[in-house]
Enquirer: 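Here you go, one structure.
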Amino acid sequence: MSKPINAITKGDLDALVAAKARETNELEFKGALPFKPTKGQPETADRWIVKGDRVGDLARDEILAELVAFANADGGTLVLGLHETKGEPRVADRLETLPHCEALALRLVDAAEDVVEPRLPLLMAQGVVADATGAGYVVLRAAKSHNGPHRLRTTREFYVRRGERAAKMDVREIKDLTLSLARFGDSIERMFAEREAASDAWWQRTQAISTAGNKAPIQVRATAVPLVAHQVAYLTSRPELWWRGQPFKITIDGQEMRSTYPSLDYAQDPKPRLRSLTLAPDSQERQRFFHRVLRSDGLIEFFLSHARYEKGGSDYGSDIYFDWIAQLIAGTLCQIEHLRKHTGSDNLPYGIELELRGLNGCRVFLYGENKFATHGATDAEYKTLLPRLTVGSRSEFDTLLSTFLLDISNACGRHWQNAVTAPWDALLPRGA
């Protein structure tokens with residue numbers, strides 16, 4: 001299923017029912033609760049069907065076992081309310097609505113928080129309402145996890161997708177998966193380290209072209225890396241995967257900032273490079289430099305660098321404005337979401353890292369450089385890597401921006417716990 005989960009409609013489910021067979025094992029269909037009784041499970045309807053107050057323990061565990069199995073394998077989608085045929089190979093058969101489907105979706109997400117350990121890094125749920133009573137279907141998507149292997153606390157069992165079923169993992173499989181995840185975790189660290197080294201090299205060039213008597217240089221880097229193995233085939237021949245944004249403004253606690261920098265450059269077309277699409281100025285000697293890249297391994301980076309600028313009578317320290325930083329982060333998030341949507345991998349988890357650099361007592365401004373400015377000052381020579389954050393669904397993007405603001409302010413000796421928002425609906429049209 002290639003549509004983002006928040007775009008799935010009843011018509012999409014009807015189309016699934018009409019399908020004669022599934023093309024992959026990534027989609028599991030389940031009928032109305034409970035599922036086919038196993039191991040003494042009663043033939044009665046689940047408590048959610050009868051009373052609507054909570055999901056019964058047996059149905060809850062079977063649903064979550066399927067999600068855990070997806071997370072421990074390659075990820076997948078679970079549809080509740082869509083029955084399969086009993087014969088093999090199983091195909092979509094009929095729909096049967098579930099009461100209060102949107103509330104059911106929320107209950108299952110809450111149950112996953114309580115029952116699955118360690119926590120699933122990216123779990124999305126949506127109720128698809130089919131009638132005026134609120135009855136409908138539930139679509140659950142679990143990403144392949146970098147934080148496994150996962151198990152159910154209630155059964156103490158680990159599950160994995162094996163063929164068309166969720167199966168219990170044996171000790172050997174648990175060990176193998178643990179080692180495999182550890183090895184890939186090392187490769188993620190190498191990718192981030194590579195980008196930090198490239199940033200170090202660029203910082204040396206930036207300082208080399210600085211001019212005495214002007215403001216000190218700054219550098220901001222936002223790098224996002226898939227947390228599971230991911231390859232984009234034929235990237236350089238697929239320009240539609242490049243997110244072309246538009247100038248936009250960041251809002252902090254309801255106050256819209258004046259600047260549209262650096263988002264003014266987001267609409268530019270990329271150039272193909274070795275297994276990547278890249279935007280960079282023709283000259284590397286420019287005092288203001290914006291760069292972005294999308295690689296076939298899924299790496300995404302937005303990069304901003306200023307040499308010394310704006311002449312003055314003496315050396316000035318570096319000044320960084322938070323709305324610049326927030327626009328850089330927002331652009332990175334938009335490219336992640338755009339790539340997810342156009343490659344049918346909207347449950348692909350990402351990790352994002354932010355790096356800030358400056359000189360001579362770097363100052364970070366919250367509302368602009370004027371007498372009402374609020375800023376935090378850093379040490380004379382400033383480089384910081386903020387704690388990495390996991391990029392979940394689009395609904396969490398504003399929370400990510402606000403968390404970065406809090407971390408930046410803490411690094412500067414301040415505490416700015418402000419709500420930061422971006423115009424996501426304009427930047428990421430749902431129908432595009």
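All values below come from the heavy atoms of this structure, side chains included, with hydrogens, waters and symmetry mates left out. Each residue takes its place number in the sequence, starting with 1. Computed from a prediction, not measured in an experiment: that's the story for all the values here.
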Enquirer: Take a 6.0 Å sphere around CZ of R273 and say whether it holds more than 12 heavy atoms from other residues, nucleotides or ligands.
Expert: yes
Enquirer: Evaluate the criterion salt bridge (charged side-chain N to carboxylate O under 4.0 Å, His left out) for residue pair D269 and R244; output intermediate values, then yes/no.
Expert: CA-CA 8 Å; D269 292 331; R244 290 175 174 80; 2.7 Å; yes
Enquirer: Between T251 and E256, do the side chains contain an N or O donor and an N or O acceptor separated by less than 3.5 Å?
Expert: no
Enquirer: For a 4.5 angstrom cut-off between non-hydrogen side-chain atoms, does L120 reach N147?
Expert: no
Enquirer: Do D323 and R258 meet the salt-bridge criterion of a basic N to acidic O distance under 4.0 Å?
Expert: no
Enquirer: Look at D110 together with R60 and state whether they make a salt bridge at an N to O cut-off of under 4.0 Å.
Expert: no
Enquirer: Quick check: closest heavy atoms across V391 and R340, and the distance to 0.1 Å?
Expert: O-NH2, 2.9 Å
Enquirer: Would you please classify the geometry between the W324 ring and the H306 ring as parallel, tilted or perpendicular, with 30° and 60° separating the classes?
Expert: tilted
Enquirer: Of all the heavy-atom pairs spanning P387 and D407, show the shortest one and how long it is.
Expert: CD-OD2, 4.0 Å
Enquirer: Let's go through L385 and E355 carefully: what are the C-alpha distance in whole Å and the side-chain angles of both, what is the deciding distance for side chain to side chain contact (heavy atoms under 4.5 Å, CB included) to 0.1 Å, and is it a yes or a no?
Expert: CA-CA 5 Å; L385 290 173; E355 176 194 274; 3.5 Å; yes
Enquirer: Hey, are the side chains of P349 and V228 touching, using non-hydrogen atoms and a 4.5 Å cut-off?
Expert: yes
Enquirer: Does R221 form a salt bridge (charged side-chain N to carboxylate O under 4.0 Å, His left out) with E353? I'd like the steps, not just the answer.
Expert: CA-CA 8 Å; R221 173 179 62 89; E353 175 179 87; 3.0 Å; yes
Enquirer: Is the shortest heavy-atom distance from the side chain of W48 to the side chain of H100 under 4.5 Å?
Expert: yes
Enquirer: State the CG-CD1 distance between L294 and I336, to the nearest 0.5 angstrom.
Expert: 10.5 Å
Enquirer: Taking the side chain as everything from C-beta on, heavy atoms only, tell me whether T343 gets closer than 4.5 Å to L348.
Expert: no
Enquirer: Taking the side chain as C-beta and beyond, is there a heavy-atom pair between S409 and V364 under 4.5 Å?
Expert: no
Enquirer: So, R295 and D297, do they make that salt bridge, N to O below 4.0 Å?
Expert: yes
Enquirer: Look only at the side chain of E173 and the backbone of D170, and say whether a donor-acceptor pair between them is shorter than 3.5 Å.
Expert: yes
Enquirer: For the backbone of F248 and the side chain of S263, can you confirm whether one donor and one acceptor N or O come within less than 3.5 Å of each other?
Expert: yes
Enquirer: Do the rings of F289 and F303 sit parallel, tilted or perpendicular, given the 30° and 60° boundaries?
Expert: perpendicular
Enquirer: Can you tell me how far NE2 of H230 sits from OG of S296, rounded to the nearest 0.5 angstrom?
Expert: 9.5 Å
Enquirer: Mark yes or no for whether N72, through its side chain, and Y159, through its backbone, hold a donor-acceptor pair below 3.5 Å.
Expert: yes
Enquirer: Output yes when a side-chain donor or acceptor of H338 lies under 3.5 Å from a complementary backbone atom of E240, and no otherwise.
Expert: yes
Enquirer: What orientation do F397 and W424 show, parallel under 30°, tilted 30 to 60°, or perpendicular over 60°?
Expert: perpendicular
Enquirer: Could you go through I300 and Y350, starting from their C-alpha distance and side-chain angles, then the distance that decides it, and tell me whether this counts as side chain to side chain contact (heavy atoms under 4.5 Å, CB included)?
Expert: CA-CA 10 Å; I300 293 166; Y350 264 83; 3.8 Å; yes
Enquirer: What do you reckon, is CZ of R275 surrounded by more than 12 foreign heavy atoms closer than 6.0 Å?
Expert: no
Enquirer: Establish, yes or no, whether the cationic atom of R292 lies under 6.0 Å from the six-membered ring centre of W242 and within 45° of the ring axis.
Expert: yes
Enquirer: For R195, is there any backbone N or O sitting under 3.5 Å from a side-chain donor or acceptor partner on S199?
Expert: no
Enquirer: Atom CD1 in I174, atom NZ in K168: separation rounded to 0.5 Å?
Expert: 11.5 Å
Enquirer: Quick one: does D74's side chain have a donor or acceptor within less than 3.5 Å of a partner on K144's backbone?
Expert: no
Enquirer: Work out which heavy atom in H150 is nearest to a heavy atom in S145; give both atom names and the distance.
Expert: NE2-OG, 2.6 Å
Enquirer: Ignoring hydrogens and geometry, is there a side-chain-to-backbone donor-acceptor pair from N410 to R414 under 3.5 Å?
Expert: yes
Enquirer: Keeping the roles fixed (side chain from Q327, backbone from S259), state whether a donor-acceptor pair exists under 3.5 Å.
Expert: yes
Enquirer: Can you say whether the rings of F302 and Y266 are parallel (under 30°), tilted (30 to 60°) or perpendicular (over 60°)?
Expert: perpendicular
Enquirer: Does the pair L67 and L108 meet the rule for a side chain to side chain contact (heavy atoms under 4.5 Å, CB included), with working shown?
Expert: CA-CA 11 Å; L67 297 177; L108 291 172; over 6 Å; no
Enquirer: Counting N and O atoms only, with roles assigned by atom type, does the side chain of S305 sit under 3.5 Å from a partner on the main chain of Q219, one being a donor and the other an acceptor?
Expert: no
Enquirer: Using 0.5 Å steps for rounding, measure from the CZ atom of R141 to the CG atom of L78.
Expert: 11.5 Å
Enquirer: Among L333, L339, T332, which residue satisfies the side-chain contact (heavy atoms from CB on, under 4.5 Å) criterion with Q335?
Expert: L339
